[in-house]
Novice: 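For reference, the structure I am asking about is given below.
Both ligands and their constituent atoms are indexed starting at 1 by order of listing.
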Amino acid sequence: MTDIARGLEGVLLTETRLSLVNGRDGVLIIGGYPVAELAPNACFEETLHLLWHGKLPKKAELDTLRATLAAQRGLPAVTLGLLKAAAEKKLPTMDALRLGTDSLSLDDAKPGDTSREAHERRAMSIVARVPTIVATYWRLLHGQQPVAPDAKLGHAANYLWMLTGEAPRPAAARGLETYLNTVIDHGMNASTFTARVIASTRSDMVSAIVGAIGALKGPLHGGAPGPALDMVFELRQEAEESGKTLSNVTEVWSRNAVRTGERLMGFGHRVYKVRDPRADVLGHAAEALFEGAEDKQLYEDARTVEEVCLMILEELKPGRNLKTNVEFYTALLLHGVGMDAQLFSPTFGVSRVGGWTAHVIEQFTEDRLIRPDVRYTGPTDLKWVPVEAR
Ligand SMILES: CC(C)(COP(=O)(O)OP(=O)(O)OC[C@H]1O[C@@H](n2cnc3c(N)ncnc32)[C@H](O)[C@@H]1OP(=O)(O)O)[C@@H](O)C(=O)NCCC(=O)NCCS
């Protein structure tokens, strides 16, 4: 009898040209480029083109992609109505993103078209509108008027503009761009797998992306960068109030936390057994963003907390290879960009939707139904009993 691969760990589903995750050596390749090479240099549209078409765009291709995306950012009236209803109910932003994305089916001129061009057209329209859905909902939720997209701005800068209604600082736009590039794709993660399963039934692009958003919403996937940042803020406050150094306070707290079985947020990873390469990319981006910022000290303090936590994890959990993960610097970077912690997961979606759409197109091309097996453990010899006699 074959062994059960619980959680499908270690099971190879298919082949992809989109990203390579090597957890043993701490390597992440996106479309052929090491993440550290691509993420700080590319704009999000370039990374999208790389995933959708297998190569970076030439200047004219990039201009066309930027213009096409920018032209599609507006939301259909029905989507806006749904978001208003969701805001009245104070739904979490991830739920509003799922609802809003689902309604984009109503705006499809040729719903039955299953050609590759139609899939690509839908991918473009969804990727263009996901930031608009998040930003519009965020403002409605906080009693503010939505801000119309600005076609002159790139994807990342426009998202900030729609969230705040203020011209984004170039450093913040660059920081966000680097974040969006860094997390756009990451092997066969749960939401990407969900999207591919749905696509494998020859369903449609919107269904696959809505399913993926549902998978991303769960705390085991969308992650909790918020708590990692809270930890830094709380330790800072404790140091300030006690007059002790941050390093000292962190050491006492983290030693006690690990000894009592708590997990230090922002450390450890199921796949990466060395430092998560995305942590380095986002760490550098955060350093650049906080350089000259009002709260430059926050970056320094986060580094201190990281250093001490790594020392304590090595001391109390030797051999487990617990290193800094992507969440730690995501929190710092997105906070520096000016985002509330409640926006961290939806912003992850703003990026990952690029990867999802590319995987869905790949899966449509592969055209193989994903259908694993289970081992039945129930009885097999029950006899029918009428309802009155049960
Ligand atoms: C991400 C995570 C779930 C991966 O866990 P995993 O690969 O299944 O690791 P395990 O649960 O098998 O843990 C292995 C050991 O390391 C310990 N450990 C793992 N992460 C830890 C952390 N962040 N802090 C303290 N101890 C940790 C476990 O307690 C366990 O100790 P033991 O061997 O004494 O029982 C885990 O590292 C974690 O909970 N991290 C904190 C949350 C976080 O940052 N999540 C975002 C991930 S991107």
Novice: Going by the order shown, which atoms of ligand 1 are within less than 4.0 Å of some heavy atom of Gly266?
Specialist: 43 (C), 44 (O)
Novice: Would you indicate which of Glu262, Arg278, His221, Lys317 comes nearest to atom 35 (O) of ligand 1 when only heavy atoms are counted?
Specialist: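 Considering heavy atoms of Glu262, Arg278, His221, Lys317, the nearest to atom 35 (O) of ligand 1 sits in Lys317.
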Novice: For atom 8 (O) of ligand 1, state which one of Met265, His186, Arg270 supplies the nearest heavy atom.
Specialist: Arg270
Novice: Measure the acute angle between the ring planes of His155 and Phe44, then classify it against the limits of 30° and 60° as parallel, tilted or perpendicular.
Specialist: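 Aromatic pair His155/Phe44 classed parallel.
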Novice: As an exercise, state the distance from OH of Tyr137 to CG of Leu97, rounded to the nearest 0.5 Å.
Specialist: 11.0 Å
Novice: Against ligand 1, does Lys273 come closer than 4.0 Å with any heavy atom?
Specialist: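 Lys273: in contact with ligand 1 (<4.0 Å).
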Novice: Hey, does Val258 come in under 3.5 Å of ligand 1, counting only N/O atoms on both sides?
Specialist: no
Novice: Would you say Glu327 has any N or O atom under 3.5 Å from an N or O of ligand 1, going by distance alone?
Specialist: no
Novice: Distance only, no hydrogens: is a donor on one side chain within 3.5 Å (strictly under) of an acceptor on the other, for Tyr159 and Thr347?
Specialist: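 Note: Tyr159 and Thr347 side chains meet the donor-acceptor criterion.
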Novice: Closer than 4.0 Å to some heavy atom of Gly268 - which atoms of ligand 1 meet that?
Specialist: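 Listed by number with element, the hits are 1 (C), 37 (O).
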Novice: Ring centroids only, cut at 6.0 angstrom: are Tyr272 and His186 within range, meaning strictly under it?
Specialist: yes
Novice: Mind running ring-ring contact (aromatic ring centres under 6.0 Å, His included) on His335 and Tyr299 for me, showing each step along the way?
Specialist: CA-CA 11 Å; His335 173 81; Tyr299 174 78; over 10 Å; no
Novice: Taking 4.0 Å as the limit for heavy-atom contacts, which would you say applies to Arg263 with ligand 1: side chain only, backbone only, both, or neither?
Specialist: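 It is both parts that get close, each with some atom under 4.0 Å.
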Novice: Measure from the side-chain N and O atoms of Arg236 to the backbone N and O of Asp301, and report whether any donor-acceptor pair falls under 3.5 Å.
Specialist: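 Judged by distance alone, no pair lies under 3.5 Å.
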Novice: Check if Leu313 has a non-hydrogen atom at a distance under 4.0 Å from any atom of ligand 1.
Specialist: yes
Novice: Give every donor-acceptor pair under 3.5 Å between a side-chain atom in residues 256-266 and any protein atom, sequence neighbours left out.
Specialist:
| from | atom 1 | to | atom 2 | distance (Å) |
| --- | --- | --- | --- | --- |
| Thr260 | OG1 | Asn256 | O | 2.9 |
| Thr260 | OG1 | Ala257 | O | 3.1 |

Novice: Any chance you could measure Thr365, atom OG1, to Arg116, atom CZ, to the nearest 0.5 Å?
Specialist: 5.0 Å
Novice: Would you mind listing which atoms of ligand 1 come within a distance below 4.0 Å of any non-hydrogen atom of Arg320?
Specialist: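 In order of number, 15 (C), 16 (O), 32 (P), 33 (O), 34 (O).
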Novice: Report the member of Leu322, Val326, Asn325 with the shortest heavy-atom distance to atom 26 (N) of ligand 1.
Specialist: Leu322
